[in-house]
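Whatever order the structure lists ligands and atoms in, that order sets their numbers, starting from 1. Keep in mind it's a predicted model, so treat the numbers as computed, not measured.
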Amino acid sequence: MIYSRIVGSGSYLPPRVMDNNEFAQRLDTSDAWIRERTGIERRHIADESQASSDLALNAARKALDAAGIKAEDLDLIVVATSTPDYIFPSTACILQAKLGVKGCAAFDMQAVCSGFVYGLATADSFIRTGQHKKALVVGAEVFSRILDWNDRGTCVLFGDGAGAVVLSADARPGIHASRLHADGSHVQLLSVPGNVSRGKIVGSPFLQMNGQGVFRFAVRVLEESARETLAAAGMNLEDVDWLIPHQANVRILEATARKLGLPREKLVVTVDHHGNTSAASVPLALDEYLRAGKIRPGQRLLLQGVGGGFTWGSTLLTL
Ligand code: ACO
């Protein structure tokens, strides 16, 4: 049997930090309201000169270093993003060029906040079939570019950043099981319903959201998906050392852990200082906890995504 294992991770946050008080100076909101409803205290915002591929490049280099692998050794690059550099080519192709390599397969994964888990499950499938041996999976976002900065209901929630892992073929798992889902009937809950046509923006280029609808949907499917993925791997919650859900909101994370009966100490939380970085949130959280020595090699992790589409899914792995 061929499995895939994470052999290195990396992440990157743009230097500019924006705290809640900056919103309170411009909008009818407060640090207290944002903290209480979301748990978010601050987020990083990319400079105008930085595209998703630049954030991805920084995270990718660190992941390659941690894995002890050269970019030339990669045979697959997957970039999960909803804020690509261009309409085309893919951000994965741009990243490949910035890494100074050519030839390996490269494509983007568009599953919004589930993008990293979708990308990881896809790369794992390619490795299991023997088609690829070393994959770079990145989540990279500049959500600050698709926010209406006058809409207090959405602009306070998000941040920019990137996280990356290197997956390598191995005789031992690695990734035990992944389960992915989507329900496209919920477009009205969360979308950026715009497009570019004949040189003009058609529709809206800004994120719109039904906050309470998203909240209820996310908590329900995160619980279902955790149970489904554990069952697929023949394991149960006691086998999980860390739950790393998509970092949308502390209340969503805590409600999910509570419904699963998972102790709070096993819940990874970075949304307080990253904000919601969409497809980047899970690899950013993983890399931060790994480098801090909280998550350790050999531990079992349940990674979870949920987001626009709606899309959702989980991956269970041993590090
Ligand atoms: N500051 C002050 N007041 C605000 C703000 C703000 N930043 N945003 C909204 N309000 C107001 C609303 O206008 C409303 O005022 P009203 O009663 O006068 O109409 C009031 O607060 C209550 O609004 P609700 O939307 O009912 O507030 P709620 O408690 O649901 O909190 C929130 C809103 C934080 C968005 C919450 O619904 C939420 O977290 N939902 C999940 C959304 C999410 O995580 N989205 C991320 C993208 S999706 C994903 O990643 C899975």
### Message
Under a 3.5 Å distance rule, please check whether Glu288 uses its side chain to pair with a backbone N or O of Ala285 as donor and acceptor.
### Response
no
#### Entry: Short N or O distance, Ile34 and ligand 1, threshold 3.5 Å exclusive
no
### Query
Under the 4.0 Å line, does any protein heavy atom show up next to atom 17 (O) of ligand 1?
no
### Message
So if I count the atoms of ligand 1 from 1 in the order they appear, which ones are less than 4.0 Å from some heavy atom of Gly153?
### Response
8 (N)
### Task
Using distance alone, decide if ligand 1 has a nitrogen or oxygen within less than 3.5 Å of any nitrogen or oxygen in Thr38.
no
## Note on the structure
For Val214, the atoms of ligand 1 under 4.0 Å from one of its heavy atoms are 42 (C), 43 (C), 45 (N), 48 (S)
### Message
I need the nearest protein heavy-atom contact for atom 25 (O) of ligand 1: residue, atom name and distance, please.
### Response
Gln212 NE2, 4.3 Å
### Query
Is it the case that Arg145 places NZ or CZ above or below the six-membered ring of Phe143, under 6.0 angstrom from the centre and within 45 degrees of the axis?
no
### Task
May I ask you to identify the nearest protein heavy atom to atom 1 (N) of ligand 1, giving residue, atom name and distance to one decimal place in Å?
Thr29 OG1, 2.6 Å
### Query
What is the nearest protein non-hydrogen atom to atom 44 (O) of ligand 1, stated with its residue, atom name and distance?
Ala248 CB, 3.6 Å
### Message
Take a 6.0 Å sphere around CZ of Arg16 and say whether it holds more than 12 heavy atoms from other residues, nucleotides or ligands.
### Response
yes
#### Entry: Val117/His246 under side chain to side chain contact (heavy atoms under 4.5 Å, CB included): CA gap, chis, key distance, verdict
CA-CA 9 Å; Val117 170; His246 164 52; over 6 Å; no
### Message
Just to check, does Asp28 reach to within less than 4.0 Å of ligand 1 when the distance is taken from its heavy atoms?
### Response
yes
#### Entry: Heavy-atom nearest neighbour in the protein, as seen from atom 49 (C) of ligand 1, with distance rounded to 0.1 Å
His246 NE2, 3.8 Å
#### Entry: Within-cutoff protein neighbour (heavy atom, under 4.0 Å) for atom 51 (C) of ligand 1
yes
#### Entry: Test: Asp28 and Arg152 ion pair at under 4.0 Å
yes
## Note on the structure
Which of Lys62, Arg61, Gln50 passes side chain to side chain donor-acceptor pair (under 3.5 Å) with Tyr12? It is Gln50
### Summary
Of Arg152, Met209, Arg216, the one whose closest heavy atom lies nearest atom 43 (C) of ligand 1 is Met209
### Query
Is there a protein heavy atom less than 4.0 Å away from atom 13 (O) of ligand 1?
yes
### Message
Less than 4.0 Å is my threshold; does some heavy atom of Cys113 fall inside it relative to ligand 1?
### Response
yes
### Task
Flag atom 23 (O) of ligand 1 as yes if some protein heavy-atom distance to it falls below 4.0 Å, otherwise no.
no
### Query
Is the closest heavy-atom distance from Phe158 to ligand 1 below 4.0 Å?
yes
### Query
When you check the gap from the basic side-chain N to the acidic O, do Arg258 and Glu254 get nearer than 4.0 Å?
no
### Task
Run the salt-bridge test on Glu141 and Arg43 with the 4.0 Å N-O cut-off and return the result as yes or no.
no
### Per atom 39 (O) of ligand 1, closest listed option by heavy atom (Val112, Asn249, Ile40)
Asn249
### Task
Could you check atom 27 (O) of ligand 1 against the protein and tell me its nearest heavy-atom contact, residue, atom and distance included?
Arg37 NH1, 3.3 Å
#### Entry: Basic-acidic side-chain contact under 4.0 Å: Arg227, Glu223
yes
### Task
Identify, for atom 48 (S) of ligand 1, the protein heavy atom at the shortest distance, and state residue, atom and that distance.
Leu190 CD2, 3.3 Å
#### Entry: Heteroatom proximity flag, Ser30 to ligand 1, N/O under 3.5 Å
no
### Query
Is at least one protein non-hydrogen atom found at under 4.0 angstrom from atom 9 (C) of ligand 1?
yes
### Task
Measure the distance from atom 40 (N) of ligand 1 to every protein heavy atom, then report the residue, atom name and distance (to 0.1 Å) of the closest one.
Gly211 O, 2.9 Å
#### Entry: For ligand 1, the portion of Leu27 having any non-hydrogen atom under 4.0 Å away
neither
### Nearest-contact summary for atom 21 (O) of ligand 1 - protein heavy atom, Å
Trp33 CZ2, 3.4 Å
### Query
Any luck finding a side-chain donor-acceptor pair between Ser49 and Asp47 under 3.5 Å?
yes
### Query
With no hydrogens and no angle check, is any side-chain donor or acceptor of Asp19 less than 3.5 Å from a backbone partner on Glu22?
yes
### Query
Would you say the side chains of Asp85 and Ser53 form a donor-acceptor pair under 3.5 Å?
yes
### Query
Does a donor on one side chain sit under 3.5 Å from an acceptor on the other, for His176 and Thr318?
yes
#### Entry: Salt-bridge contact Asp54-Lys98 (side-chain N to carboxylate O under 4.0 Å)
yes
